[in-house]
Protein chains: 2
Amino acid sequence: MTNTKLKEERTRGYFIEATKEILRGEGSKALSVRNIAERAGYSYATLYNYFKDQTELISLSLLDFKDECRDAVNQNIRKSKPGKPEIKAIVVSYINYFVQYPGVFDLFYIEKLASKKVNNQVVSFLDSLCEEDWNYLIDNQIYSKTEIEYKRKTLNNATIGVLMSYLKRSTPSDYSELLRDIDVTMDTILP
Amino acid sequence: MTNTKLKEERTRGYFIEATKEILRGEGSKALSVRNIAERAGYSYATLYNYFKDQTELISLSLLDFKDECRDAVNQNIRKSKPGKPEIKAIVVSYINYFVQYPGVFDLFYIEKLASKKVNNQVVSFLDSLCEEDWNYLIDNQIYSKTEIEYKRKTLNNATIGVLMSYLKRSTPSDYSELLRDIDVTMDTILP
DNA sequence: TTAATTTTATTAACAGTGTTAATATTTAGT
DNA sequence: ACTAAATATTAACACTGTTAATAAAATTAA
């Protein structure tokens, strides 16, 4: 009864963990049903006894990565000052996370996602990490509410653009330039 | 001699045209060697007598689309005032082009490209369309040279981000909001 | 025009993909 | 130990890109 449910949940976990390992390592290009199943220790068709299809497995991995990324960001911004400095620290560690795991970037922004709910969660993810700091800037009257609304949107889009260019088009060509580009973005949007 | 060269060039054209049709229509997801060859009126293996592999065909299509997009933009900005208004007109028609052909967006920004040269051409494409207007803003001393350098970069990244969110994550959900987001981006970066 | 040669196009094959249906194996309950 | 239920596996299908061997067509030489 509850025992079978537990076992089932464990097996599901093996598949999810295998998927995440491949995505972290070889990337989404190397992802295949047979590859996942082999790493999980099962035959490829067994996967379909636990998941509707590959996209369900991908969505579940994505949610895990979201938590992982949030934790990484929270670790890195510990001693940042609220407002612009902390927003910058968040953006930098957010970008660092995806530079470390390009396969996860593909999941978040490129791969076709099954549910619209997951879609929305991804789109608002970076912005939600900065929520407190945007409010800080409003509360301390450094920018108006509409100004902040605009700047939020623009920073989110610019950050995705920076990541895209770096990971998908190798521009800029090295990491130090990437950091400089983030500086540029921050100073242009929040002067 | 020159006759065979002509014939060869024509056959290559049929394959390229077929590739472009599929990308414009069904999108890059529907692209396959067999699909292309069938539409070109040849067997799938014939393709390899004219092109190294599929990626070469894709790169050649991309270059065509680049010209096509430039033409479309130039048509739309005819009566725009130099500077910010024209830059906005360029960004809007640039975005419109990819909204019309999402498969071409995949080519430009997502698909793995063979040559680094093509890669760089893509990355600098939007910025090159705005070149004159950025210079106008410098010459008329509306912004400083460094300011413009920063704004260029930020606008390029933000525009790619806007496109990504709209085409890949359905955010915003309708076109009128997309136009509003472009306004927001422009006013934030070029106030 | 026929024969030989070169150019161009096709089919067969290989290793891979996601997914489903039918089968085999393992576990649980009596 | 035997039956029933749960779980796992193999076989198959329709795809994918790519290569090698073969067939067809066009060109040249006699």
Side-chain angles (χ1 to χ4, degrees), chain A residues 1-23 25-62 103 106-107 110-115, chain B residues 1-23 25-62 103 106-107 110-115:
Chain A
M1 288 289 182
T2 187
N3 201 351
T4 61
K5 208 73 188 166
L6 175 71
K7 261 185 68 177
E8 192 182 321
E9 216 45 52
R10 274 186 184 147
T11 308
R12 282 173 65 89
Y14 298 146
F15 279 105
I16 296 173
E17 216 44 57
T19 307
K20 285 163 63 185
E21 278 174 28
I22 295 168
L23 287 169
E26 301 97 307
S28 70
K29 181 90 185 186
L31 207 65
S32 84
V33 170
R34 284 164 176 81
N35 200 348
I36 294 169
E38 191 191 14
R39 201 176 282 239
Y42 291 92
S43 174
Y44 51 87
T46 309
L47 190 148
Y48 291 91
N49 296 333
Y50 294 90
F51 305 92
K52 184 176 151 283
D53 55 20
Q54 211 190 15
T55 69
E56 188 188 343
L57 211 34
I58 287 176
S59 292
L60 290 169
S61 299
L62 189 149
D106 287 353
L107 264 206
I110 289 168
E111 224 77 47
K112 183 121 194 107
L113 295 183
S115 87
Chain B
M1 283 294 184
T2 187
N3 203 351
T4 60
K5 209 73 187 165
L6 175 72
K7 263 184 67 178
E8 192 181 319
E9 216 46 52
R10 275 188 183 145
T11 309
R12 282 173 65 89
Y14 298 146
F15 280 106
I16 296 172
E17 216 44 57
T19 306
K20 284 164 63 185
E21 278 175 27
I22 295 168
L23 286 170
E26 301 96 306
S28 69
K29 180 90 186 187
L31 207 64
S32 84
V33 170
R34 283 165 176 81
N35 201 348
I36 294 169
E38 190 191 16
R39 200 177 282 241
Y42 291 90
S43 174
Y44 51 88
T46 308
L47 189 148
Y48 292 91
N49 296 332
Y50 294 89
F51 305 92
K52 185 176 150 282
D53 56 20
Q54 210 190 16
T55 68
E56 187 187 344
L57 211 32
I58 287 177
S59 292
L60 290 168
S61 300
L62 190 149
D106 287 354
L107 263 206
I110 289 168
E111 224 78 47
K112 182 120 196 107
L113 295 183
S115 86

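First the proteins, then the strands, lettered A, B, ... as listed; each starts at 1.
Taken to the nearest 0.5 Å, the CD atom of B:E111 stands 9.5 Å off from the CD1 atom of A:I110. Between the OG1 atom in A:T11 and the CD1 atom in A:I16 there is a gap of 11.0 Å [rounded to 0.5 Å]. Atoms CD1 and CG, from B:I22 and B:N35 in turn, are 4.0 Å apart once rounded to the nearest 0.5 Å.
Looking at B:R12 and B:L60, their side chains come closer than 4.5 Å, going by heavy atoms from C-beta outward.
Between the C1' atom of C:dT8 and the CG atom of B:L47 lies a distance of 14 Å, rounded to the nearest Å. In this entry the distance linking CD of A:E111 with C1' of C:dG18 reads 14 Å, nearest Å. Per the geometry, CG belonging to A:L57 stands 14 Å off C1' belonging to C:dT19, to the nearest Å. C:dT6 atom P lies 17 Å from atom NZ of B:K7, rounded to whole Å. When rounded to the nearest whole Å, the span between CD of A:E8 and P of C:dA28 equals 14 Å. Here C:dT10 presents its P atom at 10 Å from CG of B:N49, a figure rounded to the nearest Å.
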Result block: side-chain N/O donor-acceptor pairs under 3.5 angstrom for residues 38-51 of chain B, not counting sequence neighbours:
| unit_1 | atom_1 | unit_2 | atom_2 | d |
| --- | --- | --- | --- | --- |
| B:R39 | NH1 | B:E21 | OE1 | 3.3 |
| B:R39 | NH2 | B:E26 | OE2 | 3.0 |
| B:T46 | OG1 | B:S43 | O | 3.3 |

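The minimum heavy-atom distance linking B:Q54 with B:I36 is given by the pair NE2-CD1, 4.3 Å. Here the closest heavy-atom approach between residue B:K52 and residue B:E56 is recorded as N-OE1, 2.6 Å.
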Reading nucleotides 12-17 of chain D 5' to 3', which nucleotides get B (base under 4.0 Å from a protein heavy atom), which S (sugar-phosphate only), which -? B---SB
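Near DNA chain D, meaning a heavy atom under 4.0 Å from it, residues 10-22 of chain B has no residue at all.
Across all strands, B:F51 comes closer than 4.0 Å to no nucleic acid atom at all (heavy-atom distances).
Checking the phosphate oxygens (OP1, OP2) of D:dT9, a side-chain nitrogen or oxygen of A:T46 falls inside 4.0 Å.
Every side-chain hydrogen bond (donor to acceptor under 3.5 Å, both in side chains) that B:D53 has, sequence neighbours left out, goes to B:T55. Residues satisfying the side chain to side chain contact (heavy atoms under 4.5 Å, CB included) test with A:L23, not counting sequence neighbours, are A:T19, A:S28, A:L31, A:S61, A:F65, A:L107.
In this structure, A:D106 contributes its side chain and A:G27 its backbone to no donor-acceptor pair below 3.5 Å.
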Nucleotides 21-25 of chain C: which of its N/O atoms have a protein N/O under 3.5 Å away?
none

